[in-house]
Protein chains: 2
Amino acid sequence: MSQSAPSTGPRRAPTMADVAQRAGVSHQTVSRVLSNHPNVRDTTRADVLRAIEELGYRRNSSARALVTRRTLTLGVVACNPTLFGPASMLFGLEEAARDEGFMVSAVTLRRYSAKALSEAIDHLSDWGVEGIVVIVPHRAAVAALADLRLPFPVVTVEGGHSLPIPGVSVDQDLGARLVTGHLLGAGHRTVWHVAGPSDWLEAEARVRGWRSTLEDAGVEVPPPLVGDWTPLSGYRAGQELAGRVAASGARRRSPDVTAVFVANDQMALGVLRAFREAGLSVPGQVAIAGFDDIPEAEFFAPPLTTVRQDFAAVGQASIRLLLSRLEASGMPNDERVVIEPRLIVRSSSTPA
Amino acid sequence: MSQSAPSTGPRRAPTMADVAQRAGVSHQTVSRVLSNHPNVRDTTRADVLRAIEELGYRRNSSARALVTRRTLTLGVVACNPTLFGPASMLFGLEEAARDEGFMVSAVTLRRYSAKALSEAIDHLSDWGVEGIVVIVPHRAAVAALADLRLPFPVVTVEGGHSLPIPGVSVDQDLGARLVTGHLLGAGHRTVWHVAGPSDWLEAEARVRGWRSTLEDAGVEVPPPLVGDWTPLSGYRAGQELAGRVAASGARRRSPDVTAVFVANDQMALGVLRAFREAGLSVPGQVAIAGFDDIPEAEFFAPPLTTVRQDFAAVGQASIRLLLSRLEASGMPNDERVVIEPRLIVRSSSTPA
DNA sequence: GACGTTATTGTTAGCGTTCACAGATATCGG
DNA sequence: CCGATATCTGTGAACGCTAACAATAACGTC
């Protein structure tokens, strides 16, 4: 008769009632202790805390969320989270959220597509997030976002300011002006540009800043080359540019290549390699500048002049914005935070 | 008489009962439709789905979690999530988890400390995760983990295999052997090493692999230098090594520096810069190899020989392991997954 | 046409909290 | 020592869902 005694089966986590019983109070008192309600006698509080300790009790978050209608969870959708920028934002954002008592759940997108984005948001939504931060700086993505009617607030990061969605962004335009101005100031006749993919808002803004700086200075605007943020694409663009330098003695239909502003540091690395292979000296024959200030940039050959973005600040600002939306959900919907980037001059742009 | 009519106040999200009423069925039937129960008449199912659509109904995850005792959420604790490696793992892991129907919530640590780790785990625990993946490759961290008695399964990544905690890791030892062997095979008398921080398990394993390869080959083992994974620390180590090269003609108490295995690519970048500044040619006078194969490595000056780790595979494996723990929580607790790294030879180690 | 099956639907009872309120106990001035 | 007020504690009812069971309808068989 192998009588399966109830024994010490996989006993379930203790509940508030268990704690209450052990402490000789009602479950409500336990709840009060846990939520720091003032009207609990000190001795009672101590009893309860001891019982909690002894039982290893932890409040059940689902039950709590059910009744309070708060999950204290925020969602993030991010696009290329292995890149330095997005990763840094994610990090800063998570830290800020945690400080405010929120948990963050992330969904990452391998590549942007309207479908992927909306699935990501659905996924987050299914888990009951109270709001989300979208770090998907595609023009199309932001447009798609505006169409969705979501039951919770959304904040974009680098989402541009053309739509009535609150957002945080670095002033890319300014950053591009800083670099371009710096290069012009060093005496170059004009500045070439290797841009990011044209459907990225950041790429577009950097092109804009670059172009308008040149126009304001009244110098010729060379045709921008286009990459995809990867070192390889920068390398290809670099080969193209190196070819122009070589040919410049012969037929010169476009201005000499003596300065290049590359839209991010990774591509700038590719450009550097291409130039090196072509026997061009940097900054001797051509000055180069990048954008982002990844930790490696300072150690490139030569160290790269670039624009530093305070990604951590972006993450924090986005959380602040999201939380303010959460609290005042009826308020105007177009708050914007713009963070100023900073030019970091290194030797890739300054003739020794 | 400003009679505050109930009007269209901030009306709450529709509930299952609302859907049921609208579709003319019981809430249980709605539940059945939502969970794809087979025994629902097609017409009924259609009615329910239409009602769901019209009301924009979404199942309340908290209520669901409360009754099913499943939050379908996993936690991750990661340490330096802006670095390429950790970020890649996080990404791969999140994707794998999502494919399995789980959400992942992350907590990031600025720097490891026993306190920070246990707080991070508490935080996750408070939100009801069903299990966690810990990507904190510190010796002390893993030890601390083993002490914690947690009510849910834990899987480590790069946590070493000295403790009875299931984990996934790349075979760092093998990776180090591959590089070191490669350099010896190229004819170098010995191989110097710039190691990572000594309290990192990965750093330790790489030292081990490096050292044993040299010992097996019967060559002298130079004293390893130590960095902290950053390019700057690599730069400093590089200066030190460059000094030795210069002095090697004079007093030679340690073997010539003709080959260096640097414990990660970022530090290798710093070493490259130091050598460049010292006028040393790579690979002409000194061959260099790194570890990680970050996307930039191929475009370093010169392109860097390194060891590629399949971070995505690590992420996926860790999720698989965690889920298997979840299902069979009574089973043995020491499953291990080891992923083999791959040597990537580039010109930093191959004399042209 | 009665009966056993099976497909389909409804009813009831929790899951573990918090909230609103009621009850109990202490404190205090007159 | 009484009633009033403040402090503390308990009771019952949600929250929105799923699990278990009960009930009904549909279908074929003999």
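Atoms considered below: every heavy atom in the structure, side chains included; atoms not considered: hydrogens, waters and symmetry mates. In what follows, every chain begins at residue 1, and chains take the letters A, B, ... in the order their sequences are listed.
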Interface with DNA chain C, restricted to residues 17-36 of chain A and to heavy atoms under 4.0 Å
A:His27, A:Gln28, A:Ser31

Take atom CD1 of B:Ile52 and atom P of D:dC17, then tell me their distance rounded to the nearest Å.
10 Å

Salt bridge (Lys or Arg N to Asp or Glu O under 4.0 Å), that's the test. Do A:Arg58 and B:Asp126 meet it? Break it down for me.
CA-CA 7 Å; A:Arg58 311 207 66 141; B:Asp126 282 344; 2.7 Å; yes

Taking side chain as C-beta onward, heavy atoms only, is B:Asn60 less than 4.5 Å from B:Thr15?
no

Rounded interatomic separation in angstrom, taking NE2 from A:His37 and P from D:dT9
10 Å

Give, for atom CD1 of A:Ile319 and atom CZ of A:Arg98, the distance between the pair rounded to the nearest 0.5 Å.
11.5 Å

Nearest-0.5 Å distance that lies between atom NE2 in A:His27 and atom OG1 in A:Thr29:
8.5 Å

Have a look at A:Asn39 and say if it touches a base, only the backbone sugar-phosphate, or nothing, with a 4.0 Å heavy-atom cut-off.
base

Within this structure, what is the OG1-CE distance for the pair B:Thr82 and A:Met89, rounded to the nearest 0.5 Å?
13.0 Å

Measure CZ/A:Arg45 against P/D:dT7 and give the value in whole Å, please.
14 Å

Please identify the 5'-most and 3'-most nucleotides of DNA chain C with any atom under 4.0 angstrom from a heavy atom of chain A.
C:dG16 to C:dA20

Classify the nucleic acid contact of A:Thr44 as base, sugar-phosphate or nothing, counting any heavy atom under 4.0 Å across all strands shown.
sugar-phosphate

Set out, in order, the CA-CA distance, both residues' side-chain angles and the distance that settles side-chain contact (heavy atoms from CB on, under 4.5 Å) for A:Leu323 and A:Phe102, then state yes or no.
CA-CA 10 Å; A:Leu323 293 186; A:Phe102 282 78; 3.6 Å; yes

What pair of heavy atoms forms the shortest contact from A:Pro38 to A:Arg45, and how long is it?
O-NH2, 3.8 Å

Here the distance between atom C1' of D:dT9 and atom CG of A:Asp42, to the nearest Å, is 15 Å

Protein-nucleotide distance (A:Met16, atom CE; D:dT9, atom C1'), rounded to Å
15 Å

Is the phosphate of D:dC17, meaning OP1 or OP2, less than 4.0 Å from a side-chain N or O of B:Thr15?
yes

Interatomic distance, B:Leu49 atom CG to B:Thr44 atom OG1 [nearest 0.5 angstrom]
10.5 Å

Protein-nucleotide distance (A:Leu66, atom CG; D:dT18, atom C1'), rounded to Å
13 Å

The answer to which of B:Thr43 and A:Arg59 contacts DNA chain C further toward the 5' end, by nearest nucleotide, is B:Thr43

For the pair A:Trp127 (side chain) and A:Gly75 (backbone), establish whether a donor and an acceptor sit closer than 3.5 Å, ignoring hydrogens and angles.
no

